[in-house]
There are 2 protein chains.
Amino acid sequence: MATNFDNYFKSAFTVDNVIFGFDEGDLKVLLIKRGEEPHIGEWALPGYFVKTEEDLDAAAKRVLSELTGLTNVYLEQVHAFGSVNRHAFGRVITVSYFSLIKIDNYIIQPSSIALQAQWHTVNDLQHLAFDHDTILESCLQRLKWLVKTRPVGFELLPPKFTLTELQHLYEAILRSPLDKRNFRKKILSMNLLVDCDETQEGVAHRPAKLYKFDRKRYNKLVEQGFNFELKETPIKKKTSAELSN
Amino acid sequence: MATNFDNYFKSAFTVDNVIFGFDEGDLKVLLIKRGEEPHIGEWALPGYFVKTEEDLDAAAKRVLSELTGLTNVYLEQVHAFGSVNRHAFGRVITVSYFSLIKIDNYIIQPSSIALQAQWHTVNDLQHLAFDHDTILESCLQRLKWLVKTRPVGFELLPPKFTLTELQHLYEAILRSPLDKRNFRKKILSMNLLVDCDETQEGVAHRPAKLYKFDRKRYNKLVEQGFNFELKETPIKKKTSAELSN
DNA sequence: TTGGTTAGTGCATTTTTTACACTAATTACC
DNA sequence: GGTAATTAGTGTAAAAAATGCACTAACCAA
């Protein structure tokens, strides 16, 4: 084994952020149009180099803020991508982060190195720069898992929302339809929603009730180890007995 | 933002492997006694620098092999740890990997930079070098999650095992007791075990039947999207209604 | 006032989970 | 050879959760 450690200190890290939003019934992801080589002019996840004197998690926040103007976003690490030839400039390992935000709450202001920052519909994407297709896909998997484990849907919706909007969000993430009555029963039984005593306005049909998410209660339940699991209801699953042959 | 990218190429990566085993009813982890600075003489996870010309996943395998003699071990990435002052020699980000192995199948041969490589009972550990306590803890969480999702128990047991051994393994990972009848019912209903038509020998009580894991069937079920979820049975969970006040 | 549209609601059946205690097979020891 | 010690192995009833399904309610527009 090498005794000269200096040889190892010749690599770089980047962070790449996968920021999900939800609008008009579609799951969206925030992308930038790169204004720098390599991959100049291509759409990419908002990411950049980590400085040697900053923590990884802090770098993810800073980079997101510098490229898109978004601040105070909760970011969660997903995976490190470390193939040798990911990057034209040398050995670069990237660590991906993901987040869920309410699109309306944030104004996006691309910086100099990002020509544009824009929401894109996930189902309708072109090829992205670097290996960002792979990175995005792994975050989509994470989101799919997360939505079955925690009531993350609320993070993506405006403060007041209808049950139908919430259901559509779940359907977009899980990519499968849910039964209306069963969905409502399960969500309401968690006691996480507060009835706002308001209804939708300006719709050409019966207006729906508006609800908001009770974060206090959510925190309390988390503390008590409550299991938020929400199973899919749509496709009937086969039992192991039926699969035996 | 910097235009001189060279400034970013001054960091190093390491990989740290958390190898779990199971023996005598206890969950074990493989540690090395470090033979190099920093932290010379301390117990640590088997990890080392990633070469600039090798893939991250490949590095994890190589390092494990060089430090402990273990080869052909399946490794799964867990998390990247990137605080600034983790390492005395400079900026080092480590990516942790974990694996489950059958202790009997592998002969451990420490290399020159590892003074020793040894199995340690997880519940009975001293402080580890670097931030390896944190890294180990995150892998324990991952294992706890994994065991509820996939029948990973089989990875840790010898080819032929009894249902009681399997149950004890689950209890060690979940850190809570399980009901014998319910555990057996659920495990057997997955149809993943094959009765070996043999019984234990040399025990001073009724000998238990030996089973083996049917990997073919497992692969088939995975392919069909079968849900292996195994819930804990022990502590009665409160419903959301009971938690309402 | 009628048609179009989405909101909102209940119940019966099936499946899964849970709680629980005795008999069976073997060895060790007297 | 008998008995004590030890772990293996088994079933059922009750409770909880999941599932499948179809009609009425409220609003707007034409």
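Quick caveat: nothing in here was measured; it's all calculated off a predicted structure. Numbered from 1 within each chain, the chains take letters A, B, ... in sequence-line order.
Within residues 195-214 of chain A, the residues having any heavy atom closer than 4.0 Å to DNA chain D are, in order of number, A:V203, A:A204, A:H205, A:R206, A:P207.
Within the 4.0 angstrom heavy-atom criterion, only backbone atoms of the sugar-phosphate kind lie near A:T164; the bases stay farther away.
A salt bridge is defined here as a Lys NZ or Arg NE, NH1 or NH2 lying under 4.0 Å from an Asp or Glu carboxylate O, and B:E198 with B:K160 meets this definition.
As rounded to whole Å, 16 Å separates atom C1' of D:dT10 from atom CZ of B:F183. What separates CG of A:D179 from C1' of C:dG10 is a distance of 12 Å, to the nearest Å. Taking atom CD on B:E229 and atom C1' on C:dT17, their separation rounds to 13 Å, with Å as the unit. Counting to the nearest Å, the P atom of D:dA8 and the CG atom of B:L188 are 14 Å from each other. The distance between atom CD of A:Q167 and atom C1' of C:dG8, rounded to the nearest whole Å, is 12 Å. If you measure from atom CG of A:L178 to atom C1' of D:dT19, you get 13 Å, rounded to the nearest angstrom. Atom P of nucleotide C:dG8 and atom CG of A:L193 are separated by 12 Å, given to the nearest angstrom. Look at CZ on B:R181: it is 15 Å from P on C:dT18, rounded to the nearest Å.
Of the candidates B:D131, B:V78, B:V63, B:I135, B:I135 is the only one forming a side-chain contact (heavy atoms from CB on, under 4.5 Å) with B:D16. Residue A:I19 forms a side-chain contact (heavy atoms from CB on, under 4.5 Å) with just one option from A:L31, A:I101, A:L45, and that option is A:I101.
Not a single donor-acceptor contact under 3.5 angstrom links the side-chain atoms of A:R184 to the base of C:dA7. For D:dT12, its base sits under 3.5 Å from the side chain of B:K185 at one donor and acceptor pair at least.
With rounding to the nearest 0.5 Å, the separation of NZ in B:K148 from CD1 in B:I173 is 11.5 Å.
For the 3.5 Å distance criterion, the side chains of B:S189 and B:R184 fail to qualify, holding no donor opposite an acceptor. Side-chain N/O atoms of B:R142 and B:S96 include no donor and acceptor closer than 3.5 Å. When only modelled atom types and interatomic distance are considered, A:T199 and A:K209 share no side-chain donor-acceptor pair under 3.5 Å.
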